[in-house]
*Asks:* 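Below: one structure in structure tokens.
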Amino acid sequence: MAIEGSRTENSSYFIKLRENTKWQNGTEFTAEDVKFTIDTIIALGEKSIYIENVSNIENVEVLSENLIKLKLKEEKPFFEYNLTFPIISKKLFEGENIEQTDKNNLPIGTRKIQSKSSRQLTNKSSRK
């Protein structure tokens with residue numbers, strides 16, 4: 001959901017998020033969701049497969065609904081390419097045990113759900 005990013009210092013990044021984006025349940029997608037996600041991944045540590053993507057982040061600061069500042073522990077070339085991980089809704093997951101909540105069984109996203117016919121989902125090699 002990031003639309004723009006810039007490095008302001010050797011160890012600081014500003015990331016602008018797409019405005020007017022909503023979760024599939026109708027709530028607003030904001031910078032608070034991104035901060036909550038990064039903080040959650042860091043708190044999970046090695047239990048999260050995304051820990052390496054955020055392990056160099058020292059601090060996440062929400063500057064507005066659609067702008068965050070990341071302060072890194074140390075300068076790393078091409079750090080921005082590590083910023084790939086799913087974002088979770090703060091409103092939906094705050095206060096939940098992330099590892100055990102039933103809310104993980106039906107995650108929500110920020111895009112329209114599209115279905116494909118079963119024929120499209122069939123592996124070509126299994127067709128006769």
*Asks:* Could you go step by step and tell me if Val34 and Phe29 meet the side-chain contact (heavy atoms from CB on, under 4.5 Å) rule?
*Replies:* CA-CA 9 Å; Val34 177; Phe29 172 86; 4.0 Å; yes
*Asks:* Of all residues at least two apart in sequence or in a different chain, which pass the side-chain contact (heavy atoms from CB on, under 4.5 Å) check with Asn25?
*Replies:* Trp23, Thr27, Ile108
*Asks:* What's the separation between atom CG in Asn66 and atom CZ in Arg18, rounded to the nearest 0.5 Å?
*Replies:* 11.0 Å
*Asks:* Supply the atom-to-atom distance Glu28 CD to Asn20 CG, rounded to the nearest 0.5 angstrom.
*Replies:* 6.5 Å
*Asks:* Has Lys71 got more than 12 heavy atoms of other residues, nucleotides or ligands less than 6.0 Å from its NZ?
*Replies:* yes
*Asks:* For Ser48, give me all partners under side-chain contact (heavy atoms from CB on, under 4.5 Å), at least two apart in sequence or on another chain.
*Replies:* Ile41, Leu44, Tyr50
*Asks:* Atom CD1 of Ile57 and atom CD1 of Ile38: how far apart are they, to the nearest 0.5 Å?
*Replies:* 4.0 Å
*Asks:* Nearest 0.5 Å please: distance from the CD atom of Glu65 over to the OG1 atom of Thr21.
*Replies:* 11.0 Å
*Asks:* Can you pull the side chain to side chain donor-acceptor pair (under 3.5 Å) pairs that have at least one residue in residues 51-61, sequence neighbours excluded?
*Replies:* none
*Asks:* What pairs meet the side chain to side chain donor-acceptor pair (under 3.5 Å) rule with one or both residues in residues 73-89, with sequence neighbours excluded?
*Replies:* Tyr13-Glu80
*Asks:* Give the minimum heavy-atom separation between Ile88 and Thr37, together with the two atoms involved.
*Replies:* N-OG1, 2.9 Å
*Asks:* Enumerate the salt bridge (Lys or Arg N to Asp or Glu O under 4.0 Å) contacts for residues 29-40, please, sequence neighbours excluded, ordered by first and then second residue.
*Replies:* Glu32-Lys90, Lys35-Asp39
*Asks:* Which heavy atom of Ala31 sits nearest a heavy atom of Ser64, and at what distance?
*Replies:* CB-O, 3.4 Å
*Asks:* Begin with the C-alpha distance, continue with both residues' side-chain angles, and end with the deciding distance and a verdict on side-chain contact (heavy atoms from CB on, under 4.5 Å) for Phe85 and Ile49.
*Replies:* CA-CA 9 Å; Phe85 47 86; Ile49 64 172; over 6 Å; no
*Asks:* Dump the intermediate steps for side-chain contact (heavy atoms from CB on, under 4.5 Å) on Val54 and Leu70, then the final yes or no.
*Replies:* CA-CA 10 Å; Val54 299; Leu70 301 178; over 6 Å; no
*Asks:* Suppose we screen for side chain to side chain donor-acceptor pair (under 3.5 Å). Which residues come up paired with Glu96, at least two apart in sequence or across chains?
*Replies:* Thr101, Lys103
*Asks:* As an exercise, state the distance from CG of Leu63 to CD1 of Ile68, rounded to the nearest 0.5 Å.
*Replies:* 8.5 Å
